[in-house]
Amino acid sequence: MSDLNKLYKQQVLEHNKNPKNYGQPAHWTHHAEGLNAICGDQVHVYLTIQDNTIEAAHFAGDSCAISMASASMMTELITGQSTFDALHLFASFKQMMSPEGLPDAEHILGPVACLVSVKKFPSRIKSALLCWYALNAALNGQATATTE
Amino acid sequence: MSDLNKLYKQQVLEHNKNPKNYGQPAHWTHHAEGLNAICGDQVHVYLTIQDNTIEAAHFAGDSCAISMASASMMTELITGQSTFDALHLFASFKQMMSPEGLPDAEHILGPVACLVSVKKFPSRIKSALLCWYALNAALNGQATATTE
Amino acid sequence: MLREAFPCLHQQVNGKPLVYFDNAATAMRPQVVIDAVTDYYCHHNANIHRGVHCLSGRATDLYEQARASLARLINAPSPDNLIFVRGCTEGVNLVAQTFVRERLQPGDEILISHLEHHSNIVPWQIVCQQTGAKLKVIPMNDQGELVLDNFDTLMTERTKFMSVVHVSNALGTINPVKELVQKAHAKNIPVMIDGAQATPHLKVDVQDIGCDFYTVSGHKMYGPTGSGVLYGKAEHLDAMPPYHGGGEMISKVTFEESIYNKVPAKFEAGTPNIAGGIGLGAAAEFIMDVGINTITEREDVLKKYTEQALQGIDGLRILGQAQHKSPVFSFLIDGIHPHDIGTIIDHHGVAIRTGHHCTMPIFQFFDVPGSCRASLAFYNTEQEVDILVESLNQAKAMFA
Amino acid sequence: MLREAFPCLHQQVNGKPLVYFDNAATAMRPQVVIDAVTDYYCHHNANIHRGVHCLSGRATDLYEQARASLARLINAPSPDNLIFVRGCTEGVNLVAQTFVRERLQPGDEILISHLEHHSNIVPWQIVCQQTGAKLKVIPMNDQGELVLDNFDTLMTERTKFMSVVHVSNALGTINPVKELVQKAHAKNIPVMIDGAQATPHLKVDVQDIGCDFYTVSGHKMYGPTGSGVLYGKAEHLDAMPPYHGGGEMISKVTFEESIYNKVPAKFEAGTPNIAGGIGLGAAAEFIMDVGINTITEREDVLKKYTEQALQGIDGLRILGQAQHKSPVFSFLIDGIHPHDIGTIIDHHGVAIRTGHHCTMPIFQFFDVPGSCRASLAFYNTEQEVDILVESLNQAKAMFA
Ligand SMILES: Cc1ncc(COP(=O)(O)O)c(C=O)c1O
Ligand SMILES: Cc1ncc(COP(=O)(O)O)c(C=O)c1O
């Protein structure tokens, strides 16, 4: 499979077409907007947190397939997790996308680990990271996050 | 004779050592300062004008041999001339120092024409011109002139 | 062939021949420009305006000849009308801070257009914040053309300045700048034109346009990065305070006061980008040697070919269909985000730009976050356009 | 030999081998720097931070690697502490307008020294005019050293900023910048250091010095013209408003408002001098490869040799005899004006600078209009110093 086909693998295309948890929910407790200054990508993350647990996670925004798939998978992954674990997942995802990488990524990140193929496309790493930065901002009570 | 020896010819060295009309006079009617921004050369020209005639011309300042010699010769040349003729001499000198040159320069400018050898040293043309710009400024009632 | 003159075009990218369609972001440089830069560093390396020594004289001559070449290119009355700057952005900021700022009272207005690049928006927002003035915007239509029906009412007695782009980098629209200047001058409003995308493609005659200021970006017109010139009318440049303080821009300094030098030195504090200026002069000579009309004509042919080719792609929409336009194509393809298109066709060797192209308001108008932009130059070929089309079809197949 | 690395040194001028002693005006560039510039134009020609395409990615990486190299050179905590600027002059103006200006009330004071270059005087005069603040000056002595006896009383509660040169371009004096910073910080006064003449010759460690800002000039440190960096402490850079408005420095633009990008992008509006930045990175790597200590040691040897050689000339007076100094010699010869000396020795192939070297106040102090300045670099040789001496003797003979 070529690098390009690995980037746009079936899961990514599928999440892009039918994203999970997409759209602004009726209620939420935490929200942040992720902005990628350079390319204009924009993702909103909405969380409903109760007793330090993420009861629901949604996202909205108009962005590329990588960003859509990443956000779709992320919201699936964090739903039901504690805020502490969500922050840990954020750190793990960042680590996986860094030059050093994350050993044991599949174990920690589950299906989200498939996004490691984005690393072959340095200009797109930020697309995958954007929703995670927005998550981190929302958990920290900040309104916006940028990847640049 | 090398270009360098033509530049620092006997007349120039002589005027530099024993400049004519050097020093600030007790009285004058017109005065201007010439500044060369880049090299820091500075020449003051003092004129005593009566009935449109330059009765006396002096100069002062601390500048290079070319500038000293040019000012020394200039003050000699313009003394006794009408202001109209002095402006004409200014134009002629500028013309001589321009790429086109002045045919018949010796006829018009007399001994001052020997400064044509400065043209081989483009970076020094301004040294020769400075006092003339100051003269022009003084005649036009301006306080300062620059060659840059 | 002219294409041979541009060394960077001749390479493989991801195993495919490079197709460079990102000329509006920055152009390629011909060998003569690269050589002019190298030649300065290898043979005439010295600071300018400073030394009595030989190298310094040579460097100064080359730098001032470059200024003269640029004056000829845009038909400025004299090289002294040109100030060397880093690029268009610096040109706009310089005018905003030294010419416009001091003319503004709270409630005054600055007029720009909906087609502006951020570089011709943000400097005005900053000066508005500093002074309490307001920004007003000439609207655009669906074709990406300025709507001038109510232009006269947009200019009020509070309008103190107008700044408009000559050629839109996002849509290619060529604005009727001469007409705009005439109308603004009829109301005594000084005008700046942002020429970043004009000098690489069109004949520019600042005296014919009649504008008060015109900014030129070196790296867009086949010249070095970090180079550009700002044209200004002499009476403005003479009256304006300096922008940067420093060496070269003064004729006398004491701790009590400084006397400023003449224009253009007054605006060129410090050691300038000497190699960049010399290279930009070479770029101006290159354009004049090729002939700007030759360039425009060739680009017109390419433009028509590309337009037809793109229109043949199902689900592809071109944003901006102005009657007068440069060979720039902003487009969207149903169901595929521009970034994904950019990545996929890069894999086929095709370099385009995706995003908002530093013109967010244009995309707010079209209500999309950005576009794909293919921006061509005279050295591009029909064959390259075919490769673009082919690669776009592959992207569609992938997302089908 | 290292000298071989500098192509421009190897040429004849006026029929004589070039002796380049005008390094303080601008240095020569080694081939690796020229190659880095050419390589960008020939292989990675693209705009940065913008495209998803391959060339743009490569150009961005090269540019950001250059920033990292410079951070290593001056030991900045992070590359994000560095803003690319045109040169030192722009660095000083940027700090004056965005950091200092808004802190000044009428009657406040800015402290500079008598040894400053015009680039570190005029920007402060401008900001004083804008705000009603006053300039105060640390005095100097006959040796060309700063007099710090009353330094504590020079700093009052009205002193809002201090900016001092690290190494004097006119006299070579190396100032005790770390000590100055400590004393100023004890009174809560932020400090900028003008490092134009330091990075080419000395180990610079901005964290050890402790200054708030440090400006670096690319063309003085063997890098391209039009390049340089401004170092700033992160908390300052984060708090400062932007300097230029334009592309890249924003994260969102509407006509109503713009949201600025993070540091350093916030200060880098428009397309920067990409080739210049990349070349400057190569210059930083070159210095680190050669070893800054190797450079300083070699220059110390040259300095002593030159000092002795010049002192052997009858009627020659050296201005500035600081204990700590760079290989820079300002001198006068009785009865011959510096310009005449410059012209005469240029005829022998020797390039020096004559005049006030953009430091008029220094020469007002010595009560002379200017000097001859021979400024050396590590690639100069003792043999070249001998040629200088020989040519000066010829000048004396001519004017005898
Ligand atoms: C229309 C327009 N204006 C201004 C600019 C900014 O020019 P520069 O990159 O020279 O600062 C650009 C380029 O990005 C542009 O396309
Ligand atoms: C001490 C000093 N400061 C500032 C400058 C100005 O630097 P630049 O030429 O990079 O603007 C210079 C060089 O002329 C200098 O020597």
Side-chain angles (χ1 to χ4, degrees), chain C residues 7-8 13-14 22 25-26 28-29 34 37-38 41-43 45-47 50-55 86-87 89-90 93 117-119 121-123 125-126 135 137 219 224-226 244-247 250 253-255 258 269-271 273-276 339 342-343 346 351 353-354 358 360-361 364, chain D residues 7-8 13-14 22 25-26 28-29 34 37-38 41-43 45-47 50-55 86-87 89-90 93 117-119 121-123 125-126 135 137 219 224-226 244-247 250 253-255 258 269-276 339 342-343 346 351 353-354 358 360-361:
Chain C
C8 196
V13 152
N14 293 318
D22 197 18
T26 199
M28 293 289 171
R29 342 282 165 201
I34 302 170
V37 169
T38 314
Y41 286 133
C42 290
H43 300 113
N45 188 104
N47 214 324
R50 296 199 172 187
V52 292
H53 62 82
C54 175
L55 257 53
R86 178 168 38 236
T89 303
E90 189 179 29
N93 280 279
H117 186 278
H118 294 165
S119 287
I121 301 173
V122 186
Q125 291 181 324
I126 291 177
L135 210 55
V137 182
H219 71 97
T225 56
H244 283 166
I250 51 82
V253 171
T254 66
F255 289 123
S258 294
T271 306
N273 185 355
I274 303 170
H339 295 333
T343 297
D346 178 53
R353 198 177 157 205
T354 63
C358 293
M360 282 194 182
Q364 288 151 13
Chain D
C8 196
V13 152
N14 294 318
D22 198 17
T26 200
M28 293 289 172
R29 344 280 166 201
I34 303 170
V37 169
T38 313
Y41 286 134
C42 290
H43 300 113
N45 186 105
N47 213 324
R50 295 198 172 186
V52 293
H53 63 80
C54 176
L55 256 54
R86 178 168 36 238
T89 303
E90 189 178 28
N93 280 279
H117 187 278
H118 294 165
S119 287
I121 301 173
V122 186
Q125 292 181 324
I126 291 176
L135 211 55
V137 182
H219 72 96
T225 56
H244 284 166
I250 51 80
V253 171
T254 66
F255 288 122
S258 293
T271 306
N273 185 355
I274 303 171
H339 295 334
T343 297
D346 178 52
R353 199 177 156 203
T354 63
C358 294
M360 283 194 181

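Each chain gets a letter, A, B and so on, in the order the sequences are listed, and its residues count up from 1. As a basis for the values below, the full set of heavy atoms in this structure was taken, side chains included, without hydrogen atoms, waters or symmetry mates.
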- Task: Test side chain to side chain contact (heavy atoms under 4.5 Å, CB included) on C:Cys8 and D:Leu55 and set out the steps.
- Result: CA-CA 10 Å; C:Cys8 196; D:Leu55 256 54; 4.2 Å; yes
- Task: State, with a plain yes or no, whether a side-chain heavy atom of C:Arg353 is found less than 4.5 Å away from one of D:His53.
- Result: no
- Is it true that a side-chain atom of C:Thr89 and a backbone atom of D:Ala269 form a donor plus acceptor pair closer than 3.5 Å? no
- Query: Which heavy-atom pair separates C:Gly246 from D:Pro123 by the least distance, and what is that distance?
  - Reply: N-CD, 4.3 Å
- Engaged part of C:Val253 at the chain D interface, taking heavy atoms whose separation is under 4.5 Å: both
- Query: When you look at D:Asn273 and C:Arg86, which way does the side chain to side chain donor-acceptor pair (under 3.5 Å) test go after all the steps?
  - Reply: CA-CA 7 Å; D:Asn273 185 355; C:Arg86 178 168 38 236; over 6 Å; no
- Item | Atom pair CE/OG of C:Met360 and D:Ser258 - distance to nearest 0.5 Å | 9.0 Å
- For side chain to side chain contact (heavy atoms under 4.5 Å, CB included), just list the numbers for C:Ile274 and D:His219, CA-CA rounded to whole Å, side-chain angles, deciding distance to a tenth of an Å, and then say yes or no. CA-CA 10 Å; C:Ile274 303 170; D:His219 72 96; over 6 Å; no
- Query: For the residue pair C:Asn14 and D:Cys54, what are the closest heavy atoms and their distance?
  - Reply: ND2-CB, 4.5 Å
- Task: Give a yes or no answer on whether the side chain of C:Asn93 reaches the backbone of D:Gly245 with a donor-acceptor pair at less than 3.5 Å.
- Result: yes
- Message: Using 0.5 Å steps for rounding, measure from the CG atom of D:Asn45 to the CE atom of C:Met28.
- Response: 4.5 Å
- Tightest non-hydrogen contact, residues C:Thr254 and D:Gln125, listed as O-NE2, 2.8 Å
- Note on the structure: In terms of heavy-atom pairs under 4.5 Å with chain D, the winner among C:Gly342, C:Pro7, C:Ala46, C:Ala351 is C:Ala351
- Item | Side-chain heavy atoms of D:Val37 within contact of C:Pro224, under 4.5 Å | no
- Query: In Å, rounded to the nearest 0.5 Å, how long is the span from CD1 of D:Ile34 to SG of C:Cys42?
  - Reply: 4.0 Å
- Message: Using every non-hydrogen atom in the two residues, find where C:Gly247 and D:Cys358 come nearest and quote the distance to one decimal.
- Response: CA-SG, 3.9 Å
- Do you know which of D:Glu90, D:Arg29, D:His43 has the most heavy-atom pairs with chain C at a distance under 4.5 angstrom? D:Arg29
- Message: Please check this pair: side chain of D:Asn47 against backbone of C:Thr26, looking for a donor-acceptor N/O pair closer than 3.5 Å.
- Response: no
- Query: In Å, rounded to the nearest 0.5 Å, how long is the span from CZ of D:Phe255 to CG of C:Leu135?
  - Reply: 7.0 Å
- Query: Do C:Val122 and D:Ile250 have side-chain heavy atoms sitting under 4.5 Å apart?
  - Reply: yes
